[in-house]
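Written below as structure tokens is the structure these notes are about.
Lettering of chains follows the sequences in order, A, B, ..., and the numbering in each one begins at 1.
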Amino acid sequence: MADLPHDTDPQLPPAEVADVMPPHAHSWWSHYVFSQDAKYIAIQYSGTAIAIGLVGLVLSWLMRLQLGFPGIFDFITPDAYYQFITMHGMIMVVYLLTAVFLGGFGNYLIPLMVGARDMVFPFVNMLSFWIYLLAVLVLVASFFAPGGPTGAGWTLYPPQAILSGTPGGAQSGIILMLVSLILFIIGFTMGGLNYVVTVLQARTRGMTMMRLPLTVWGIFTATVMALLAFPALLVAAIMMLFDRLLGTSFFMPALVELGETLSYGGGSPIAFQHLFWFFGHPEVYIVALPAFGIVSDLLAVHARKNVFGYRMMVWAIVGIGALSFIVWAHHMYVSGMHPYFGFFFATTTLIIAVPTAIKVYNWVLTLWKGDIHLTLPMLFALGFIVTFVNGGLTGLFLGNVVVDVPLSDTMFVVAHFHMVMGVAPIMVILGAIYHWYPLMTGRMLNQAMGHFHFWITFIGAYAIFFPMHYVGLVGVPRRYYEIGEPAFMTTPVEGLNAFITVAALTVGAAQMVFLFNLYWSSRHGRVAGSNPWKATTLEWLTPVVPPEHGNWGDDLPLVYRWAYDYSLPGAPEDYIVQTDPGPKAPTAGPL
Amino acid sequence: MTVILTFLAMIAGIAGWWLSRQGLMSKPWLESVGPLPQTEPSHPPPYRLGTAVLLAVIGGLFAMLGSAFVMQIDETPWQLAPLPNLVWLNTGLLVLSSLALHFASRDDGQGRQIWLIVGSVTAVGFLLGQLQIWTTLTQNGYELSGAPAASFFYLITGLHGLHILGGLVALGWVWLRLSQTDERTDREAPIGLCALYWHGLLVIWLLLLALLLGLGNEFLALCRSALT
């Protein structure tokens with residue numbers, strides 16, 4: 001490491017942390033494979049997450065084939081179906097969404113947006129990725145283990161998760177899943193330490209917390225939450241592993257299985273549910289907060305307008321982060337809890353809708369009278385808002401005990417959380433990739449393929465999940481391999497189920513076009529140049545695009561203004577970058 | 001979940017204090033252009049802050065374990081394992097270890113080596129003592145695979161011991177690095193980081209010990225009755 005020359009201008013506040021060039025790569029291996037550069041680590045994280053996400057996508061196809069056309073595909077046995085459900089859920093929530101938002105966008109954008117040369121602990125950052133990769137490989141290994149992966153459902157509820165009646169319960173499937181989760185959490189903690197300390201300590205001069213883009217606020221708050229919530233899952237995974245391997249009974253009551261009394265006794269399955277959801281609900285916002293932040297930036301850039309209510313947006317992010325730790329038991333209304341607890345958690349669940357609604361209003365007001373460019377990132381951002389509102393509204397219904405109890409085990413819940421936690425964040429991830437791809441590669445993504453991708457994905461997602469709400473309302477239970485023709489259901493749903501399956505296959509196929517676009521445009525896409533979207537934030541202001549090692553050349557950028565000076569009256573252009581030292585509004589008249 | 005919620009309330013207090021100093025009431029769209037003067041005191045250096053954040057995460061981990069422990073107190077049969085007196089000697093060793101590392105971080109001269117040796121030996125002594133307690137408890141019929149109350153003891157002390165072991169590995173690495181450099185003090189005082197980590201694990205151990213001895217049961221019962 002070498003100290004860089006410092007700006008000695010006495011007008012400037014002193015740098016908090018010495019400007020030190022991060023370690024240079026000395027070989028091909030340390031440059032491209034064991035890289036300590038956050039930008040490479042981001043791409044490694046995202047590539048791995050997308051690869052395992054494709055496995056999750058294929059699993060969802062297989063599930064839908066069984067539900068849409070039961071009895072046709074012999075290889076989808078009941079055991080296999082439960083394994084598909086379990087692995088699809090866990091892969092998508094933990095190994096794809098969390099990894100892409102924090103490991104991918106967090107690594108790429110935090111140092112660039114705060115004006116740092118890299119993360120503060122580059123070596124630990126590199127370890128974070130490799131442990132994540134190991135976690136993914138252990139997870140994948142369970143597909144090839146005797147008995148296959150676990151089929152316990154993505155929530156892994158005991159006691160069934162480790163009993164012989166559940167696929168992978170008595171074999172190695174559940175063990176590999178738990179080991180993989182433990183590895184993931186260790187790896188994430190290493191990355192998370194980096195993200196938090198980098199935002200706190202490595203911001204360039206002039207970059208106060210209130211000048212940070214909302215993307216950084218979202219990722220920062222989500223990381224703090226994840227660092228506090230993942231230990232709950234870690235504890236649950238370790239305890240269940242003990243139960244499965246060492247014969248303890250942390251979560252295991254006295255049991256009789258197939259006429260045989262097991263050696264377990266004295267444990268509490270409900271304790272697992274508390275631990276799991278103490279992680280599980282913050283996890284929703286660990287995914288959502290980065291999405292909230294990113295979508296705010298996409299809207300501001302592509303509507304050429306400052307984010308409406310920036311200050312309130314920051315407060316809302318922090319408020320949601322705090323409140324998300326006291327709503328967990330709304331996932332457990334059917335577990336037989338004390339009625340007053342149900343009342344308490346229903347109340348907190350409704351309260352958390354307030355800061356969330358503030359954000360939605362502010363996004364819409366950001367668009368109000370904006371110079372809206374219907375670019376691909378903007379289309380995906382708009383798709384997110386609509387989808388998030390849809391999913392959020394059904395969440396308000398389900399937050400109430402009396403509504404949740406009858407709907408809890410139906411496809412209505414599946415439709416709800418896919419809208420709010422599946423489709424909505426994916427819309428943001430896709431929009432963000434369309435937005436920042438030019439920065440990462442120096443080329444624009446192909447527009448025609450992009451529009452095809454957006455419309456199929458957007459309309460297709462609604463074709464899948466709108467009917468699924470209805471299917472749930474008429475009584476179709478979730479997690480059933482086959483429902484046949486039960487007496488309690490008077491409305492046939494075979495046709496709808498087949499329709500949903502065709503839509504799911506189509507939307508999945510459209511993602512292949514997107515992946516092809518990523519590859520094709522990196523070679524043949526239009527050259528983007530620097531700052532193609534005319535954005536104000538620091539990541540677009542590097543001396544070279546894509547940014548090189550150390551990001552900023554000889555001198556770190558100096559920040560003179562907040563992140564959203566768009567369309568200022570009297571300004572020569574409709575944006576003023578954060579490093580512009582000029583007056584706030586050069587010739588501004590009365591507003 | 002009383003334990004973890006109490007812990008999180010503490011973290012929220014610290015976060016709230018820090019946020020209150022970040023100008024959250026400011027209106028950045030109106031402020032005059034230019035880098036802001038530095039009105040706030042400097043933050044701790046990155047490695048120190050990183051260690052503090054790590055300790056908060058580890059604290060969260062043990063608070064979750066504490067919550068899981070407390071949640072199951074009502075389950076039957078629930079009988080805390082009677083701890084042998086050795087546990088007090090072990091606790092004394094950990095206190096000594098923490099103090100020794102504290103002095104090592106303050107001493108730039110020859111004394112540092114001595115304090116480091118004292119700190120390491122007492123930490124290893126603590127770990128060996130914990131293993132001896134495991135043996136004693138197993139011989140007394142409180143096995144790992146027995147009732148959850150006993151299982152918790154092994155799980156909690158085992159995870160805590162693993163963190164001490166990890167600390168010893170880090171301390172060994174720091175020691176090696178310092179012996180290879182002529183600088184009397186490193187830029188970020190890595191032994192100070194080890195001392196901070198040790199203090200954190202000591203505090204966690206004292207709280208866990210209170211839990212394992214059943215000292216907090218009455219307080220927890222009061223909290224639970226207030227909640228229900």
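When each of A:R311, A:H274, A:M239 is scored by its heavy-atom pairs under 4.5 Å with chain B, the top score falls to A:R311. With chain A as the partner, the residue from B:G60, B:A56, B:S26 showing the most heavy-atom pairs under 4.5 Å is B:S26. Counting heavy-atom pairs closer than 4.5 Å to chain B, the top residue among A:V235, A:L275, A:N306 is A:V235. For the set A:Y310, A:F344, A:Y564, the count of heavy-atom pairs under 4.5 angstrom toward chain B peaks at A:Y310.
Aromatic ring centres of A:F345 and A:W328 lie closer together than 6.0 Å. Under the 6.0 Å cut-off for aromatic ring centres, A:Y575 and A:Y566 do not qualify, their centroids lying 6.0 Å or more apart.
Counting heavy atoms from C-beta outward, A:V577 and A:L538 have side chains that stay 4.5 Å or more apart.
Listed by sequence position, B:L144, B:S145 are the residues of residues 136-145 of chain B in contact with chain A, using a 4.5 angstrom heavy-atom cutoff. Residue-level contacts of residues 220-233 of chain A with chain B, in order of numbering, are A:F220, A:L227, A:L228, A:P231, A:A232; threshold 4.5 Å between heavy atoms. Residues of residues 319-327 of chain A having a heavy atom under 4.5 Å from any heavy atom of chain B, listed by number: A:F325, A:I326.
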Take B:T157 and B:I133 through the test side chain to side chain contact (heavy atoms under 4.5 Å, CB included) and record every step on the way to the result. CA-CA 10 Å; B:T157 51; B:I133 293 179; over 6 Å; no
Step by step, work out the side chain to side chain contact (heavy atoms under 4.5 Å, CB included) result for A:L241 and A:I182. CA-CA 10 Å; A:L241 206 56; A:I182 291 169; 4.0 Å; yes
Could you go through A:T248 and A:D243, starting from their C-alpha distance and side-chain angles, then the distance that decides it, and tell me whether this counts as side chain to side chain donor-acceptor pair (under 3.5 Å)? CA-CA 4 Å; A:T248 56; A:D243 284 358; 2.6 Å; yes
Show, in sequence, the C-alpha distance, side-chain angles and deciding distance for A:L558 and A:M207, and conclude whether the side chain to side chain contact (heavy atoms under 4.5 Å, CB included) test is met. CA-CA 8 Å; A:L558 296 171; A:M207 182 62 91; over 6 Å; no
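The distance from atom OH of A:Y560 to atom CZ of A:R211, rounded to the nearest 0.5 Å, is 10.0 Å. Distance NE2/B:H199 to OG/B:S98: 4.5 Å, rounded to 0.5 Å. Here A:I270 contributes atom CD1 and B:M71 contributes atom CE; the two are 10.0 Å apart, rounded to the nearest 0.5 Å. For the atom pair CD of A:Q273 and CZ of A:F251, the computed distance is 10.5 Å after rounding to the nearest 0.5 Å.
In this structure a side-chain-to-backbone donor-acceptor pair under 3.5 Å is missing from A:T366 to A:V307.
Contacts between B:L61 and chain A at a heavy-atom distance below 4.5 Å involve backbone atoms as well as side-chain atoms. Using a 4.5 Å cut-off between heavy atoms, A:F250 contacts chain B through both its backbone and its side chain. In this structure, no portion of B:I58 lies under 4.5 Å from any heavy atom of chain A.
Nearest heavy atoms, B:L196 versus B:L55: O-CD1, 3.5 Å. Between B:L101 and B:C194 the shortest heavy-atom distance is CD1-O, 4.3 Å. A:V318 and B:L19 get closest at one heavy-atom pair: CG1-CD1, 3.6 Å.
The ring pair (Phe, Tyr, Trp, His ring centres under 6.0 Å) test applied to B:W205 returns B:F126, B:H160, not counting sequence neighbours.
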